[in-house]
Protein chains: 2
Amino acid sequence: MSKAAKRKRSPTSRASAKRETSGKGARTLNRDTIIAAALAEIDLVGLDNFSLRNLAKALGVFPTAVSWYVAGRSQLLAEVAHKVLEDIIPPGFHDSWQGYLREFLQRFRQAIRAHPNVAPLIGTQLVANPAVDLDFVERLLAALAHAGLSGVNLVSAYNAVIAAAVGFTTQEFAPVPAEGTSAWQAEIRTRLQNVSSTRYPQLAKNMKLLGNKAFTLRWQNGTDAPLDSSFTSFVDIFISGLEQFAGRE
Amino acid sequence: MSKAAKRKRSPTSRASAKRETSGKGARTLNRDTIIAAALAEIDLVGLDNFSLRNLAKALGVFPTAVSWYVAGRSQLLAEVAHKVLEDIIPPGFHDSWQGYLREFLQRFRQAIRAHPNVAPLIGTQLVANPAVDLDFVERLLAALAHAGLSGVNLVSAYNAVIAAAVGFTTQEFAPVPAEGTSAWQAEIRTRLQNVSSTRYPQLAKNMKLLGNKAFTLRWQNGTDAPLDSSFTSFVDIFISGLEQFAGRE
DNA sequence: ACCTGAACACCGTTCAAGT
DNA sequence: ACCTGAACACCGTTCAAGT
């Protein structure tokens with residue numbers, strides 16, 4: 001229904017058939033180069049300031065050259081998100097299933113930590129990627145099957161793992177408002193410090209532990225103030241919950 | 001550094017001092033009206049097609065009239081996200097702490113289910129809201145304190161709850177690519193159906209249970225294909241994990 | 001096949017002007 | 001205080017043209 005629906009027979013379909021680094025000119029532009037450059041650009045200027053035109057400028061080509069390889073902005077962003085997550089599959093299944101999940105969750109976090117500016121894309125783009133890495137899904141399912149899960153419970157547990165990975169990490173590295181940064185940084189701080197201990201006893205009691213360390217009470221994101229111990233606890237909580245869930249079978 | 005940084009003495013600061021529905025003209029425009037209209041517009045056309053100019057048109061004013069009340073696009077979106085989540089605090093603390101958390105997570109999901117188009121904003125905008133609802137945080141902390149948690153573990157558990165809520169729900173209702181919808185819908189289906197049972201045994205075995213029901217293997221989002229039972233299991237897993245975590249103290 | 005080049009319809013934001 | 005109105009610098013995408 002939208003304007004994107006009326007696209008037709010775009011030449012974007014399949015581009016990287018052969019490579020031909022053989023003789024003369026040596027094609028400089030290709031799909032992977034563009035995606036890599038897009039990621040670098042996003043790392044540099046942030047998601048809000050990223051544009052296809054600036055990307056083209058960085059690549060030294062016309063804006064329309066990019067769209068010969070990539071169907072549009074949103075598809076490019078999907079590819080970028082995919083690239084960031086390309087190495088999250090733990091190598092082998094040496095350990096226990098708990099160890100496998102633990103390593104997966106840590107790898108997921110590290111992947112986003114390395115490119116925090118793409119964090120907002122992760123939750124959005126992981127919906128249904130046509131280029132889903134089936135190996136990734138298979139291995140995760142295998143680990144959960146090792147835990148004794150099968151059928152609908154296996155599927156539920158799989159969804160739970162993805163939800164857990166996405167939830168903590170996208171939150172932790174979500175961009176901080178660019179506006180009057182130091183202005184509301186101070187506002188949150190003082191607001192927390194002056195909180196009424198009769199009306200908000202728990203907040204008052206744990207004020208120092210909460211400041212800049214609890215979601216919605218932070219003034220920096222995971223890049224500047226990582227939540228390492230919270231993440232470790234989160235993984236512990238989640239995995240021990242899965243153990244119980246699997247044991248119930 | 002960015003262009004937003006050079007804003008100065010904008011008249012946007014404080015707008016709704018008095019209301020004056022008294023006599024003659026009856027101010028038609030105000031902050032709440034704008035936020036409500038923005039949410040309605042996003043519900044209607046989606047986040048990608050939402051623009052301040054169309055919003056202004058819907059309100060019957062000039063684009064620049066809107067920015068007298070709202071500092072900019074991103075701030076408006078933050079307010080919209082905040083509005084969607086305004087009723088997620090469970091009313092009383094009647095039940096057990098487990099019951100409280102369960103209700104909170106369900107309310108969170110229902111809130112986003114009612115406005116799925118804002119789902120991508122939730123993870124992003126919940127970072128550090130200057131207008132954080134302290135009552136919300138206090139009640140959540142109180143529930144977790146009831147579980148026997150305190151100190152750093154209390155903070156970790158709080159973060160875990162937020163992460164869990166955000167993770168599942170934003171995923172479940174994340175927008176589906178608008179491109180050649182039915183094209184890749186079919187692609188995912190057939191790809192899943194033709195999966196090699198030797199290379200991907202778990203995928204092959206659970207093919208029917210996974211199709212359109214597992215993250216990254218869906219071709220619809222939660223609006224068309226809700227993941228009710230997966231969500232229930234997720235909540236079970238998480239809460240029983242929290243029980244263990246609290247018992248370890 | 002791959003890229004240039006111009007053009008289109010749109011966008012958020014600024015700045016001056018009205019009342 | 002609140003809104004109009006014009007203008008600015010930018011954006012993604014389309015379409016024709018080159019090689």
Side-chain angles (χ1 to χ4, degrees), chain A residues 2-31 33-34 38 41 45-78 178-179, chain B residues 2-31 33-34 38 41 45-78 178-179:
Chain A
S2 77
K3 57 187 89 162
K6 6 182 144 133
R7 187 175 304 123
K8 34 193 150 164
R9 32 108 250 165
S10 83
T12 314
S13 47
R14 207 52 55 192
S16 52
K18 40 187 175 181
R19 193 49 46 89
E20 289 267 31
T21 329
S22 54
K24 42 194 175 176
R27 283 273 78 73
T28 159
L29 210 60
N30 62 58
R31 202 155 210 272
T33 309
I34 290 174
E41 184 77 5
V45 303
L47 207 53
D48 290 337
N49 297 324
F50 171 78
S51 74
L52 294 181
R53 293 181 106 104
N54 280 339
L55 172 62
K57 191 173 292 179
L59 285 166
V61 297
F62 271 62
T64 41
V66 172
S67 62
W68 199 90
Y69 296 92
V70 187
R73 178 190 162 87
S74 67
Q75 191 182 102
L76 175 58
L77 293 181
E179 323 286 308
Chain B
S2 79
K3 57 186 90 161
K6 13 181 138 133
R7 186 175 304 123
K8 34 194 153 165
R9 32 112 248 166
S10 82
T12 313
S13 47
R14 208 51 56 192
S16 52
K18 41 188 174 180
R19 192 48 44 90
E20 286 269 28
T21 330
S22 53
K24 43 196 173 175
R27 283 270 79 73
T28 160
L29 209 59
N30 62 59
R31 202 153 210 272
T33 307
I34 290 174
E41 185 76 4
V45 302
L47 207 54
D48 289 338
N49 297 323
F50 172 77
S51 75
L52 294 180
R53 291 181 108 105
N54 280 338
L55 173 63
K57 193 174 289 178
L59 286 165
V61 297
F62 272 61
T64 39
V66 171
S67 62
W68 200 90
Y69 294 92
V70 187
R73 178 189 163 87
S74 66
Q75 191 182 102
L76 175 58
L77 293 181
E179 323 286 308

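Reminder, nothing fancy here: chain letters follow the sequence lines and each chain counts from 1.
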- Message: Apply side-chain contact (heavy atoms from CB on, under 4.5 Å) to residues A/L55 and A/I34 and explain how you reach the verdict.
- Response: CA-CA 8 Å; A/L55 172 62; A/I34 290 174; 4.2 Å; yes
- Task: Select base, sugar-phosphate, or nothing to describe what B/R53 touches, counting heavy atoms under 4.0 Å on all strands.
- Result: base
- Using a cut-off of strictly less than 4.0 Å, decide whether B/Y69 has a side-chain nitrogen or oxygen near OP1 or OP2 of D/dC3. yes
- Look at A/N54 and D/dC11 and indicate whether a side-chain polar atom (N or O) is within less than 4.0 Å of OP1 or OP2. yes
- Task: Report the base-pairing partner of D/dT19 (Watson-Crick or G-U wobble, both distances below 3.5 angstrom), or none.
- Result: C/dA1
- Nucleotide opposite D/dA6 in a Watson-Crick or G-U pair, distances under 3.5 Å: C/dT14
How long is the line joining [atom1] of [X] and [atom2] of [N], in whole Å?
{"X": "A/D48", "N": "D/dC11", "atom1": "CG", "atom2": "C1'", "value": "14 Å"}
{"X": "A/L77", "N": "D/dC11", "atom1": "CG", "atom2": "P", "value": "14 Å"}
{"X": "A/I34", "N": "C/dC3", "atom1": "CD1", "atom2": "C1'", "value": "11 Å"}
{"X": "B/N49", "N": "C/dG12", "atom1": "CG", "atom2": "P", "value": "12 Å"}
{"X": "B/W68", "N": "C/dC15", "atom1": "CH2", "atom2": "C1'", "value": "16 Å"}
{"X": "A/L29", "N": "C/dC3", "atom1": "CG", "atom2": "C1'", "value": "9 Å"}
{"X": "B/R31", "N": "D/dA1", "atom1": "CZ", "atom2": "C1'", "value": "16 Å"}
{"X": "A/K57", "N": "D/dC10", "atom1": "NZ", "atom2": "P", "value": "8 Å"}

- Message: Under a 3.5 Å distance rule, please check whether A/S51 uses its side chain to pair with a backbone N or O of A/N54 as donor and acceptor.
- Response: yes
- Message: Between A/N49 (side chain only) and A/V45 (backbone N and O only), is there a donor and an acceptor less than 3.5 Å apart?
- Response: yes
- Nearest-nucleotide wise, let me know which of A/F62 and B/F50 is further upstream toward the 5' end of DNA chain C. A/F62
- Look at the side chain of B/A65 and decide which nucleotide, out of D/dT4, D/dC2, C/dC3, has an atom nearest to it. D/dT4
- Query: Closest nucleotide of DNA chain D for A/P63 versus for B/T64: which of these residues is on the 5' side?
  - Reply: B/T64
- Query: Side chains of B/F50 and B/L77: does their closest heavy-atom pair fall under 4.5 Å?
  - Reply: yes
- Message: Tell me if the side-chain of A/S51 makes a donor-acceptor pair with the base of D/dG12, cut-off 3.5 Å, by modelled atom types.
- Response: no
- Task: Go through the steps for A/L76 and A/Y69 under the test side-chain contact (heavy atoms from CB on, under 4.5 Å), then give the verdict.
- Result: CA-CA 9 Å; A/L76 175 58; A/Y69 296 92; over 6 Å; no
